[in-house]
Each structure stands twice: as structure tokens, then as C-alpha cells.
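Only one structure is covered here, and it is reproduced in the block below.
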Amino acid sequence: MPNDTPLHFVTLLGSLRKASFNAAVARALPELAPEGVSITPLGSIGDFPHYNADVQDTGFPAPVLAMAEQIRAADGVIIVTPEYNYSIPGVLKNAIDWLSRVTPQPFSGKPVAIQTASPGMIGGARAQYNLRQNMVFLDAFVLNRPEVMIGMVAGKVDPETLKLTDEPTCRFISSQIAALVTLTRKLKS
């Protein structure tokens, strides 16, 4: 794949909270992407019902199929999520459970970057490692480095505008997106 071919990534947000710090990070991504890379948000995982095989047997919910198609069509995925109880939020796990049952599998062979943000010091590290296990099952290619774990995020987001304002954090996120571009081009060549 030529290095000047435009790429399109989608963002999967693991938080439903209106004033989510992780949503602030996800909203910042399009501005932090290198030239030739577009990043758009996927729909809300809050639109997915609780996973139930009986529901699946009657047909996949429209929001699940729509998100699966958007992931399949994208060149890569950036998952931005908080950490809940040393793991990923239940709503994100529910979305992954639904998406794992769609065929063809939307994450299979897809480059994925993970970003976590937390008011705590370690920035959601345990959620990242838990999410990486899920991505192995889905046969995704998770970017190893740089790992974006934003600790003490409350001081890095403007409380009025809910905009990510910390320049070192923004530069670090930009470096991860650049690494995802490199991985994506490598996988497509």
C-alpha cells in the first residue's frame, strides 16, 4: 500500500457518561491524526441490548450490524475506554460480545489501538490488558506501542468545554496514531 493512500479509522468509545473524560479523548482524535488520516466515531454502544443468544436467534439488532459494517469498512479501530473494577466497562464487554458473533467477524485482521484515561495514577492499565485478551479472541492486530494510558486525566481536560487540553498528552496520542498508521500500512502491504 502506498504511503500516501488516505486511511480511515473509527473510534469505539467504552463510556456512556455525558461528561466522560474518555469521550473528551475520543473527540480530540481527528485533530491529532496525521495528514491523510480521518477518524470518525462509531455509534453508541449504549444502543446495544444486553447480549442474549435468544435475541440473536431472532436476528441481530440493527445497531450491532451497523457498527460491525463500519468496523469492517474502516482501515483500523481506536478503542477509548475507562477502567471499571480492574477491567473494561460492562457496556463495552457487551458490545464486544455482540460484535464477536457477527460474521464475517469485523475485527478479524483489523489493526486496533487502545487508549484509556482515568482519574487515577495508572490511567486504566488493567482495562487495557483485559481488553487485549478480548481482541486476541477476535483475531485483531492490537498495536503494542506506544500504549496510551492517561493518568490523572481530570487535570488534562477543560472542565467547562470537556476538551483535552494537555499538550504533552496530545503529542503522545498523535505518536500512537502515527504508529497505528504504520501498522495498518504494514498489514495492507
Side-chain angles (χ1 to χ4, degrees), residues 7-34 37-48 63 67-68 70-71 74-96 98-99 106-107 110-120 122-135 138 140-158 161-181 183-184:
L7 294 174
H8 177 66
F9 298 146
V10 291
T11 306
L12 176 57
L13 179 60
S15 177
L16 301 179
R17 192 169 66 87
K18 184 177 178 182
S20 165
F21 294 125
N22 285 273
V25 171
R27 282 191 303 273
L29 297 181
E31 293 177 19
L32 301 175
V37 176
S38 63
I39 301 175
T40 58
L42 293 168
S44 174
I45 57 178
D47 294 337
F48 289 21
M67 187 176 290
Q70 289 176 292
I71 291 169
D75 294 301
V77 180
I78 302 171
I79 301 174
V80 184
T81 187
E83 178 176 293
Y84 286 5
N85 302 321
Y86 289 10
S87 186
I88 60 175
V91 69
L92 179 57
K93 178 63 167 88
N94 181 63
I96 291 169
W98 270 113
L99 292 166
F107 282 103
K110 191 72 59 180
V112 174
I114 300 173
Q115 301 175 356
T116 51
S118 169
I122 62 173
R126 293 169 289 222
Q128 282 214 14
Y129 298 128
N130 185 263
L131 184 53
R132 286 173 182 275
Q133 292 173 333
N134 286 267
M135 292 294 105
L138 299 177
F141 287 97
V142 178
L143 179 70
N144 288 324
R145 291 188 182 171
E147 293 179 302
V148 173
M149 300 172 196
I150 307 166
M152 311 300 285
V153 70
K156 298 172 183 175
V157 173
D158 183 298
T161 65
L162 298 175
K163 182 175 178 171
L164 182 65
T165 56
D166 185 67
E167 284 303 316
T169 299
C170 290
R171 283 192 301 274
F172 191 66
I173 290 171
S174 289
S175 73
Q176 187 198 48
I177 298 169
L180 184 61
V181 167
L183 174 62
T184 301

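Computed from a predicted structure; not experimentally measured. Numbers for residues simply follow the sequence, beginning at 1.
- A distance of 8.0 Å separates OG1 of Thr81 from CG of Leu12, quoted to the nearest 0.5 Å.
- Checked against side chain to side chain contact (heavy atoms under 4.5 Å, CB included), Glu83 has the following partners two or more places apart in sequence or in another chain: Tyr86, Arg126, Ala127.
- Closest approach of Leu183 to Pro111, counting heavy atoms only: CD2-CB, 4.0 Å.
- Between Ala117 and Val25, the closest heavy-atom pair is CB-CG2, 4.3 Å.
- A 4.5 Å side-chain heavy-atom check between Asp75 and Phe9 finds at least one atom pair inside the cut-off.
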I would like to know whether Leu13 and Leu42 meet side chain to side chain contact (heavy atoms under 4.5 Å, CB included); could you show each step before the answer?
-> CA-CA 8 Å; Leu13 179 60; Leu42 293 168; over 6 Å; no
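- When the side chain to side chain contact (heavy atoms under 4.5 Å, CB included) test is applied to Phe48, the partners found at least two apart in sequence or on another chain are Pro63, Val64, Met67, Asn94, Ala95, Trp98, Leu99.
- Ile177 places a side-chain heavy atom less than 4.5 Å from the side chain of Ile39.
- Between Leu92 and Ile45, the closest side-chain pair of non-hydrogen atoms falls below 4.5 Å.
- The distance from atom CD of Gln115 to atom OG1 of Thr11, rounded to the nearest 0.5 Å, is 8.0 Å.
- Pairs passing the side chain to side chain donor-acceptor pair (under 3.5 Å) check and including a residue from residues 17-32, sequence neighbours excluded, read Ser15-Ser20.
- Among residues two or more places apart in sequence or in another chain, the side-chain hydrogen bond (donor to acceptor under 3.5 Å, both in side chains) test is passed with Asp166 by Thr169.
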Side chain to side chain contact (heavy atoms under 4.5 Å, CB included) between Lys93 and Asn134, worked out = CA-CA 9 Å; Lys93 178 63 167 88; Asn134 286 267; 3.5 Å; yes
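- Under the side chain to side chain contact (heavy atoms under 4.5 Å, CB included) rule, Ile88 has a single partner from Ile79, Ile114, Leu131, which is Leu131.
- With sequence neighbours left out, Ser87 forms a side-chain hydrogen bond (donor to acceptor under 3.5 Å, both in side chains) with Asn130.
- Contact record, Val181 with Pro34: CG2-CG, 4.1 Å, taken as the closest heavy-atom pair.
- By the 4.5 Å heavy-atom criterion applied to side chains, Val157 and Thr165 are not counted as neighbours.
- For Ser44, the side chain to side chain contact (heavy atoms under 4.5 Å, CB included) partners two or more places apart in sequence, or in a different chain, are Leu16, Asp47.
- The existence of a salt bridge linking Glu147 and Arg132 is confirmed by a sub-4.0 Å separation between a basic side-chain nitrogen and an acidic carboxylate oxygen.
- Residues passing the side chain to side chain contact (heavy atoms under 4.5 Å, CB included) test with Pro146, sequence neighbours excluded: Phe172, Ser175, Gln176, Ala179.
- Proximity of Leu180 to Val112: side-chain heavy atoms (C-beta onward) are nowhere separated by under 4.5 Å.
- With Lys156 contributing its side chain and Gly151 its backbone, the two residues share a donor-acceptor pair below 3.5 Å.
- In this view, Lys110 satisfies the salt bridge (charged side-chain N to carboxylate O under 4.0 Å, His left out) rule with no residue, not counting sequence neighbours.
- Looking at Leu29 and Ile78, their side chains come closer than 4.5 Å, going by heavy atoms from C-beta outward.
- Legend: residues meeting side-chain hydrogen bond (donor to acceptor under 3.5 Å, both in side chains) with Thr116, ordered by chain and number and at least two apart, are Gln128.
- Distance CZ/Phe141 to OG1/Thr184: 11.0 Å, rounded to 0.5 Å.
- Applying the side-chain hydrogen bond (donor to acceptor under 3.5 Å, both in side chains) criterion to Thr40, with sequence neighbours excluded, gives His8.
- A distance of 10.5 Å separates CG in Leu164 from CG in Asp158, rounded to the nearest 0.5 Å.
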